[in-house]
Number of protein chains: 2
Amino acid sequence: MVRLPVYQRILAELLRSGTDTVPSEQLAVLARVTAAKVRKDLSYLGTLGTRGTGYEAAVVVEEIDRALGLDQEWPMAIVGLGNLGHALANSGGFASHGFKLVALFDVDPKVVGSRVADLPVRHVEELASVSREERLTIGVITTPASSAQGVADLLVRCGVCSILNFAPRVLAVPQDVLLRYVDLSIELQVMSFYQSRRLLRSSRRPHALPALRSISLPGQDIS
Amino acid sequence: MVRLPVYQRILAELLRSGTDTVPSEQLAVLARVTAAKVRKDLSYLGTLGTRGTGYEAAVVVEEIDRALGLDQEWPMAIVGLGNLGHALANSGGFASHGFKLVALFDVDPKVVGSRVADLPVRHVEELASVSREERLTIGVITTPASSAQGVADLLVRCGVCSILNFAPRVLAVPQDVLLRYVDLSIELQVMSFYQSRRLLRSSRRPHALPALRSISLPGQDIS
DNA sequence: CGATGTGAAATGCTTCACAGCA
DNA sequence: TGCTGTGAAGCATTTCACATCG
């Protein structure tokens with residue numbers, strides 16, 4: 001289920017803030033879904049809640065971890081160390097348990113050989129051998145669009161079965177390779193779509209005093 | 001529909017490569033969906049195709065543009081000019097028609113006052129006034145997680161009705177504000193989820209010779 | 001008594017199959 | 001003849017409502 005990671009993050013933040021038990025109603029508000037949806041989602045993972053009380057955050061987090069396969073390690077590699085690749089490698093966003101950045105690749109001789117985020121930047125030619133040694137399962141593409149398909153082909157040949165593509169390019173991969181896009185312009189266009197539909201119904205003006213309920217806790221940085 | 005931007009990008013690439021008419025079958029292969037889905041999706045936009053021939057790419061692109069609201073300008077601002085904010089501002093990923101980056105904000109005195117991507121970096125205090133002048137509709141949050149909610153609140157108060165959040169934090173906004181996450185760890189977790197499910201069924205080994213059909217055209221860079 | 005877990009109804013999305021048009 | 005457009009069937013997800021349990 002695509003919502004589990006969201007619940008997971010919310011629960012982790014709640015735990016850090018000292019809340020250890022939470023009813024579906026509250027979780028629903030925070031995740032911006034309905035309470036029924038939360039209950040049904042969580043019920044697929046087993047009987048996690050306590051009637052009359054709610055869910056114990058720690059228990060649910062652990063159970064979601066298992067369901068998401070985060071109880072095992074996924075070795076990852078980043079291909080393409082331009083600005084974005086650099087930013088991601090250093091972001092620590094991978095450091096969350098379950099994922100481990102084990103290799104970096106590029107072709108630019110100015111970058112190959114340098115160290116980024118405590119890892120050497122290797123030439124893509126080494127991808128095959130490194131993939132075998134490290135048993136890479138996830139490849140992150142942060143190359144220019146023009147190289148993205150070539151890199152994807154290479155990753156697939158090396159047995160990498162999950163690809164995260166940041167390049168603004170639609171990629172072709174075999175059916176059994178999992179491909180996901182993290183794509184600025186696609187997101188923007190989706191926003192534009194919903195927004196223009198909504199504008200037809202009601203013309204919005206600035207919120208005078210939005211009633212916001214926020215979780216205010218420090219988290220890890222990405223920038 | 002969330003697939004329209006994908007069709008759009010593919011069609012644009014086909015156009016650049018000189019193909020101007022395409023049957024649903026081919027579009028389906030490139031977008032990794034079924035032909036029936038393509039036809040139904042496009043049929044919602046009107047009667048665009050020619051029976052016996054296929055779709056004329058230029059016509060469909062234009063029609064999708066209209067449906068997505070890309071025939072109007074959406075003024076955007078980026079808040080938070082760390083590595084990621086910088087990379088995005090310079091990426092040109094916004095330059096695609098429909099979106100216009102009009103302002104940059106930060107609080108760090110080392111950054112405020114400098115110029116990035118031909119725009120001055122302003123202090124967030126100015127957000128309200130700039131928002132009025134420029135009629136901001138989209139806000140991009142690339143701050144550390146700890147500041148993200150505060151920035152979101154501010155954007156909402158200033159009448160920004162679409163927020164794109166890159167910070168690893170679940171945000172609370174009013175119902176009528178459109179909020180989307182571009183989130184590394186959520187994507188990774190979703191991949192992990194599908195991947196671990198799949199591993200149960202079949203244990204994969206590297207592809208010997210993947211039969212790949214790729215669109216090979218230059219596109220814009222993001223890195 | 002309060003909140004979960006869950007059948008059953010409602011809704012939405014996808015696939016199928018084929019009529020209809022170029 | 002080839003491919004689109006589309007009702008109808010099939011499937012999945014969401015909502016509802018309430019029995020059930022701590």
S.K.: Let's go through B:Glu63 and B:Tyr55 carefully: what are the C-alpha distance in whole Å and the side-chain angles of both, what is the deciding distance for side-chain contact (heavy atoms from CB on, under 4.5 Å) to 0.1 Å, and is it a yes or a no?
M.R.: CA-CA 12 Å; B:Glu63 217 53 49; B:Tyr55 296 91; over 6 Å; no

S.K.: Near DNA chain D, which residues from residues 46-66 of chain A have a heavy atom under 4.0 Å away?
M.R.: A:Thr50, A:Arg51

S.K.: Is it the case that the side chains of A:Gln195 and B:Ser162 hold a donor-acceptor pair, with the cut-off being a distance below 3.5 Å and no angle test?
M.R.: yes

S.K.: May I have the distance from B:Lys40 (atom NZ) to D:dG10 (atom C1'), rounded to whole angstrom?
M.R.: 12 Å

S.K.: In whole angstrom, what separates B:Asp41's CG from D:dG5's P?
M.R.: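 Taking CG of B:Asp41 and P of D:dG5, I get 12 Å after rounding.
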
S.K.: B:Gln26 CD to D:dG2 P: how many Å, rounded?
M.R.: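 That distance rounds to 17 Å.
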
S.K.: Send over the distance from A:Arg39 CZ to D:dT13 P, rounded to a whole Å.
M.R.: 19 Å

S.K.: Test side-chain contact (heavy atoms from CB on, under 4.5 Å) on A:Leu184 and B:Leu164 and set out the steps.
M.R.: CA-CA 9 Å; A:Leu184 184 61; B:Leu164 196 57; 3.6 Å; yes

S.K.: Does anyone know the first and last nucleotide of DNA chain C in reach of chain B, 5' to 3', at under 4.0 angstrom to a heavy atom?
M.R.: C:dT14 to C:dA22

S.K.: Taking B:Lys100 first and then B:Glu73, would you say they form a salt bridge - that is, a charged N and a carboxylate O separated by under 4.0 Å?
M.R.: no

S.K.: Write down the distance between CG (A:Leu42) and C1' (D:dT13), rounded to a whole number of angstrom.
M.R.: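 In whole Å, D:dT13 C1' lies 16 Å from A:Leu42 CG.
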
S.K.: Restricting to non-hydrogen atoms, name the atom on B:Leu11 and the atom on B:Ala57 that form the minimum distance, rounded to 0.1 Å.
M.R.: CD2-CB, 4.0 Å

S.K.: Under the 3.5 angstrom rule, does the side chain of A:Trp74 hit a backbone N or O of B:Leu188 as a donor-acceptor pair?
M.R.: no

S.K.: Could you tell me the separation between the NZ atom of A:Lys37 and the P atom of D:dC16, rounded to a whole number of Å?
M.R.: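 Going from NZ in A:Lys37 over to P in D:dC16 covers 11 Å.
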
S.K.: Tell me which of B:Glu25 and A:Ala36 sits closer to the 5' end of DNA chain D, going by the nucleotide each one is nearest to.
M.R.: B:Glu25

S.K.: Considering non-hydrogen atoms only, spot the tightest contact between A:Thr21 and A:Gly54 and give its length.
M.R.: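 What the structure gives for the nearest pair is OG1-C, 4.4 Å.
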
S.K.: Testing the 3.5 Å rule here: is there a donor-acceptor pair between the side chains of A:Asp41 and A:Ser43?
M.R.: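 The answer is no; no qualifying pair exists.
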
S.K.: Can you check the B:Leu27 CG to D:dG2 C1' distance for me, whole Å?
M.R.: 17 Å

S.K.: Would you say the side-chain atoms of A:Thr142 pair up with the backbone N or O of A:Phe166, donor to acceptor, closer than 3.5 Å?
M.R.: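 Between the backbone of A:Phe166 and the side chain of A:Thr142 there is no qualifying donor-acceptor contact (under 3.5 Å).
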
